[in-house]
Asks: 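One structure coming up, written as structure tokens, with questions to follow.
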Amino acid sequence: KRTKSKYSATRRLLLKTKLLRKAECLLVKEKEQKSIERENALRERAPPLKLSGLSVQELQDLCKDLHQKIDIVDEAQYDLTIKVARNDTEILSLTQKIYELKGKMKRPNLKRVKKSADAVLGALTDNRVMKADFKANLKTVKKEEEKKEEVTDWRKNVEAMSGMEGRKKLFDAGQ
């Protein structure tokens with residue numbers, strides 16, 4: 001049973017719009033903060049170049065120095081990407097080993113089948129002919145009647161087993 005809401009639909013809509021506006025303002029502030037932090041980090045790591053008043057030789061030396069720094073950064077970036085790729089493959093192989101050790105492979109979700117077996121067979125061939133054919137090809141199982149021992153008078157059996165003749169029959173039956 002669904003309980004009636006405390007707020008009307010218009011009030012809920014108003015609250016939702018206010019929440020969305022507040023979230024939008026927070027996102028804008030967060031983007032501005034990140035851009036300011038990025039500019040500060042760039043200013044720290046790469047101070048602005050003072051190129052005025054430098055000779056041609058000093059400018060060439062500065063360019064060579066900058067190229068060397070760029071090469072060092074590119075090498076570090078390449079090394080880090082290789083390490084990350086190697087770690088990712090190692091993580092995948094270890095998780096696969098864990099699944100194998102547990103003995104539980106990830107099972108795919110089963111999809112619900114809407115058609116019954118008769119419907120699928122009917123779609124492939126004529127439904128009535130297939131049903132009759134299918135029933136005709138079924139094996140028929142014949143039940144064997146249980147062998148019943150004949151019920152005889154127990155007194156006759158006791159008389160037959162009494163005496164030496166009866167013991168001889170039991171001895172012969174045991175061998």
Side-chain angles (χ1 to χ4, degrees), residues 1-139 141:
K1 213 174 187 185
R2 221 171 175 189
T3 58
K4 196 169 184 179
S5 178
K6 292 181 181 179
Y7 303 105
S8 66
T10 54
R11 176 77 176 151
R12 276 183 278 159
L13 185 62
L14 179 70
L15 290 173
K16 280 183 186 178
T17 54
K18 282 185 177 182
L19 281 172
L20 287 173
R21 277 194 220 122
K22 182 69 174 174
E24 188 179 5
C25 290
L26 290 174
L27 278 174
V28 169
K29 286 180 184 177
E30 188 178 337
K31 283 182 183 179
E32 289 173 358
Q33 183 67 29
K34 282 185 179 180
S35 65
I36 291 171
E37 287 176 4
R38 183 174 187 270
E39 289 173 9
N40 289 339
L42 284 175
R43 248 188 254 119
E44 267 182 37
R45 292 181 186 163
L49 296 174
K50 296 176 184 173
L51 301 175
S52 60
L54 293 177
S55 66
V56 175
Q57 184 63 35
E58 290 172 337
L59 286 174
Q60 286 177 347
D61 290 341
L62 182 64
C63 287
K64 286 179 185 177
D65 187 37
L66 288 176
H67 276 291
Q68 285 177 349
K69 287 181 180 178
I70 290 172
D71 289 341
I72 291 170
V73 169
D74 284 343
E75 286 175 10
Q77 180 186 4
Y78 179 77
D79 291 344
L80 288 176
T81 55
I82 295 295
K83 278 185 181 179
V84 167
R86 190 178 301 136
N87 286 342
D88 286 343
T89 55
E90 188 177 350
I91 288 170
L92 285 174
S93 67
L94 289 175
T95 53
Q96 187 67 30
K97 284 181 184 178
I98 288 171
Y99 277 124
E100 288 172 3
L101 288 174
K102 283 184 179 178
K104 293 180 182 178
M105 298 303 285
K106 190 172 185 182
R107 294 186 182 120
N109 293 334
L110 297 176
K111 294 181 181 177
R112 183 172 279 187
V113 178
K114 293 182 180 178
K115 286 189 174 184
S116 66
D118 289 336
V120 172
L121 289 175
L124 295 174
T125 58
D126 187 20
N127 199 7
R128 292 182 195 111
V129 173
M130 192 64 187
K131 273 188 181 177
D133 212 17
F134 181 71
K135 288 180 181 177
N137 288 334
L138 287 176
K139 282 186 178 180
V141 179

Asks: Calculate, to the nearest 0.5 Å, the distance between atoms CG and CG belonging to L15 and L20 respectively.
Replies: 11.0 Å
Asks: Please round to the nearest 0.5 Å and tell me the distance separating atom NE2 of H67 and atom CG of L62.
Replies: 10.0 Å
Asks: Let me confirm one number: the CD-OG distance from E100 to S93, rounded to the nearest 0.5 Å.
Replies: 10.0 Å
Asks: Are more than 12 heavy atoms, taken from residues, nucleotides or ligands other than R11, located less than 6.0 Å from that residue's CZ atom?
Replies: no
Asks: Run Q77 and L80 through side-chain contact (heavy atoms from CB on, under 4.5 Å) and show every step you take.
Replies: CA-CA 5 Å; Q77 180 186 4; L80 288 176; 5.8 Å; no
Asks: Rounded to the nearest 0.5 Å, what separates atom CG in N87 from atom CG in L92?
Replies: 11.0 Å
Asks: Let me confirm one number: the NZ-CG distance from K97 to L101, rounded to the nearest 0.5 Å.
Replies: 9.0 Å
Asks: Quick one, R86 and I82 - any side-chain contact, counting heavy atoms below 4.5 Å?
Replies: yes
Asks: Picking from R43, R38, E37, what satisfies side chain to side chain donor-acceptor pair (under 3.5 Å) with N40?
Replies: R43
Asks: Has E58 got a side-chain atom pairing as donor or acceptor with S55's backbone, closer than 3.5 angstrom?
Replies: yes
Asks: Would you say the side chain of K31 lies within less than 4.5 Å of the side chain of V28, judging by non-hydrogen atoms?
Replies: no
